[in-house]
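Inspection log for the structure reproduced underneath, given as structure tokens.
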Amino acid sequence: MKLLVTGGAGFIGSNFVMYMLREHPDYEIVNVDSLTYAGNLENLQSVESNLQYTFIQADITDVQQMEQIISKGIDVVVNFAAESHVDRSILSPDIFVRTNVLGTQVLLDAAKKYQVTKYVQVSTDEVYGSLGPTGLFTEETPLMPNSPYSASKAGGDLLVRAYHETFGLPVNITRCSNNYGPFQFPEKLIPLIISRALNDEAIPVYGDGLNIRDWLYVEDHCSAIDLVIHNGKIGEVYNIGGNNERTNIYIVETILEQLGKPASLIQYVQDRLGHDRRYGIDPTKLGTELGWKPIHNFETGIKETIQWYLNHQDWWTRIQSGTYQDYVQLQYGKRMGDSTE
Ligand code: NAD
Ligand code: DAU
């Protein structure tokens, strides 16, 4: 099988490329990534010399390049490429629409033109909006995105659905909850806490810290997508999640405790605009139809993740220089009384 993975230099995409090369050593993997601030080829050093693996730097909105790549015998497209950070989408929504909506449509057109056997859209639980204190997101929950990021992902999902209904393109959509694990960019909550705590910097907690996210170890997300590629019923949506709901403040306190850092580092800051209160995934369909089960529980997963960041300080300190600093200043400068300078 020849797989096109887009966004394979990002957090989940790079974990997925490594997972697939390990689980299916006979598959060919073509990784297309434009290498935005979030794309990092260092993540893939361990597979660089694998003859089954090729990297191409290209933008998924580039029609000619996507057609050229997909025309060369691609069987399955797995689209991870996206602008993925909610806070950035509040600062600059335009690039989110461009990559997450237009980029998806360009890939769908090329997939249709060259008749791939399957197109998998890696989407997110955020398209369902925010939950109250009870209930879970199922595949039937109406789409009610609240941020420019989630609205752009919902737009991509609707196009995928439309290409299936209108043109019969063989598609699946996956909607996963919050991932954590190795190679996550330190703008996202868990690596942000770890890296700032190790530097004895204040930990910004939005609002009252009681927003809830449903955490899944990245490798469990990869195994779910692998199953969907092979066994997912054409046209279906599959939710992915491991029933690990935690408040943000619980996550912060757990990490500080494990690192032996004081709770006095916690700084409550102005809330995120339109901040979704709670996410919780019902993964029953994936479990009963495809037999998926996560293998990592949160307690061991978070310990392993903290250890990974401790062992790879060079990886995230390199990221924390240059343009990432401009974003930190823009995002947190005023909220934290410029203590980020
Ligand atoms: P990420 O930001 O770490 O990686 C995104 C990758 O896409 C980067 O390598 C970037 O260079 C690349 N990219 C961005 N725009 C591109 C373009 N126009 N053309 C080609 N490449 C481009 O994101 P992530 O956290 O790894 O998320 C991957 C996917 O999974 C996204 O679609 C996201 O919506 C989805 N998702 C993420 C989570 C999560 O918790 N991180 C949960 C559920 C779903
Ligand atoms: O649910 C899946 C989604 O999870 C993915 O689709 C997104 O790509 C991914 O970024 C993630 O979105 P969140 O907004 O949930 O993740 P983030 O790590 O940005 O924030 C997690 C929670 O922590 C959220 O309630 C906001 C809060 N937070 C975040 C940051 C960066 C803080 O309190 N302080 C912070 O500095």
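Both ligands and their constituent atoms are indexed starting at 1 by order of listing. Residue indices begin at 1 and follow the sequence shown.
- Considering only non-hydrogen protein atoms, atom 5 (C) of ligand 2 sits nearest to Tyr149 OH, 3.6 Å.
- In summary, the aromatic rings of Tyr37 and Phe185 are positioned with their centroids under 6.0 Å apart.
- At least one heavy atom of Asp33 sits closer than 4.0 Å to an atom of ligand 1.
- Atom 21 (C) of ligand 2 has its closest protein heavy atom at Leu189 CB, 3.8 Å.
- Protein heavy atom at the shortest distance from atom 27 (C) of ligand 2 is Asn248 ND2, 3.4 Å.
- Contact annotation: Gly103 has no heavy atom less than 4.0 Å from any atom of ligand 1.
- Any N or O atom pair closer than 3.5 Å counts here, and Glu126 shares at least one such pair with ligand 2.
- Taking the six-membered ring where tryptophan is involved, the planes of Tyr180 and Trp215 are perpendicular, since the angle between them exceeds 60° and thus also 30°.
- Within the structure, ligand 2 lacks Gln331 among the residues with a heavy atom less than 4.0 angstrom away.
- Summary of contacts: the protein heavy atom closest to atom 1 (O) of ligand 2 is Asp125 OD1, 2.5 Å.
- At the top of the distance list for atom 43 (C) of ligand 1, counting protein heavy atoms only, stands Cys176 O, 3.4 Å.
- A side chain to side chain donor-acceptor pair (under 3.5 Å) with Tyr128 is found for exactly one of Thr138, Thr141, Asn239, namely Asn239.
- When heavy-atom distances to ligand 1 are checked against a 4.0 Å cut-off, Asn40 has no atom that comes that close, whether in backbone or side chain.
- For atom 44 (C) of ligand 1, the closest non-hydrogen atom of the protein is Ser123 O, 3.1 Å.
- By the 4.0 Å heavy-atom criterion, Tyr37 is excluded from the residues contacting ligand 1.
- At a heavy-atom distance under 4.0 Å, only side-chain atoms of Lys153, from C-beta outward, approach ligand 1.
- Taking the ring centroids of His296 and His221, they lie at or beyond the 6.0 Å cut-off.
- Taking 4.0 Å as the cut-off, His275 counts as a neighbour of ligand 2 on heavy-atom distance.
- For ligand 2, the atoms closer than 4.0 angstrom to any heavy atom of Val86 are 14 (O).
- Nearest non-hydrogen protein atom to atom 33 (O) of ligand 2 is Tyr206 N, 2.9 Å.
- At the top of the distance list for atom 34 (O) of ligand 1, counting protein heavy atoms only, stands Tyr149 OH, 2.7 Å.
- Between the choices Gly156, Ser34, Ser84, Ala38, the shortest heavy-atom distance to atom 20 (C) of ligand 1 belongs to Ser34.
- Ion pair Lys72/Glu28 not flagged as a salt bridge, since none of the NZ, NE, NH1 or NH2 atoms sits closer than 4.0 Å to an Asp/Glu carboxylate oxygen.
- For Phe185, the heavy-atom gap to ligand 1 stays at 4.0 angstrom or more.
- Between Asp59 and ligand 1, at least one pair of N/O atoms sits closer than 3.5 Å.
- Val122 counts as a contact of ligand 1, since one of its heavy atoms falls under 4.0 Å from the ligand.
- When heavy-atom distances to ligand 1 are checked against a 4.0 Å cut-off, Phe16 has no atom that comes that close, whether in backbone or side chain.
- Polar contact with ligand 1: present for Thr99 (N/O pair, distance under 3.5 Å).
- For atom 36 (O) of ligand 2, the closest non-hydrogen atom of the protein is Tyr332 OH, 2.6 Å.
- Here the shortest heavy-atom distance to atom 24 (P) of ligand 1, taken over Thr6, Ile12, Thr174, belongs to Ile12.
- Taking the six-membered ring where the residue is Trp, Trp315 and Phe183 present perpendicular rings, their angle passing 60° and hence far from 30°.
- Atom 14 (C) of ligand 1 has its nearest heavy-atom neighbour, among Ala9, Gly8, Ala82, in Ala82.
- The one candidate from Thr6, Leu158, Asp109, Asn79 that meets the side-chain contact (heavy atoms from CB on, under 4.5 Å) condition with Thr104 is Asn79.
- Residue Ala81 places no N or O, backbone or side chain, under 3.5 Å from any N or O of ligand 1.
- Given atom 9 (C) of ligand 2, the protein heavy atom at minimum distance is Ser84 O, 3.9 Å.
- With a 4.0 Å cut-off on non-hydrogen atoms, Leu192 touches ligand 2 through its side chain and not its backbone.
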- prompt: side chain to side chain contact (heavy atoms under 4.5 Å, CB included) between Arg277 and Ile212: does it pass, once the steps are laid out?
  reply: CA-CA 6 Å; Arg277 191 63 173 169; Ile212 291 174; over 6 Å; no
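- With rounding to the nearest 0.5 Å, the separation of CZ in Phe137 from CG in Asp282 is 11.5 Å.
- Between Asn178 and ligand 2, at least one pair of N/O atoms sits closer than 3.5 Å.
- Where the criterion is an N or O separation shorter than 3.5 Å, residue side chain and backbone included, Asn179 meets it with respect to ligand 1.
- Closest protein heavy atom to atom 10 (C) of ligand 1: Thr36 OG1, 3.3 Å.
- Here the protein heavy atom with the shortest distance to atom 34 (N) of ligand 2 is Pro204 O, 2.8 Å.
- For Ser14, the closest heavy-atom approach to ligand 1 does not fall below 4.0 Å.
- When the heavy-atom distances from atom 14 (O) of ligand 2 to Arg213, Arg335, Arg272 are ranked, the shortest goes to Arg272.
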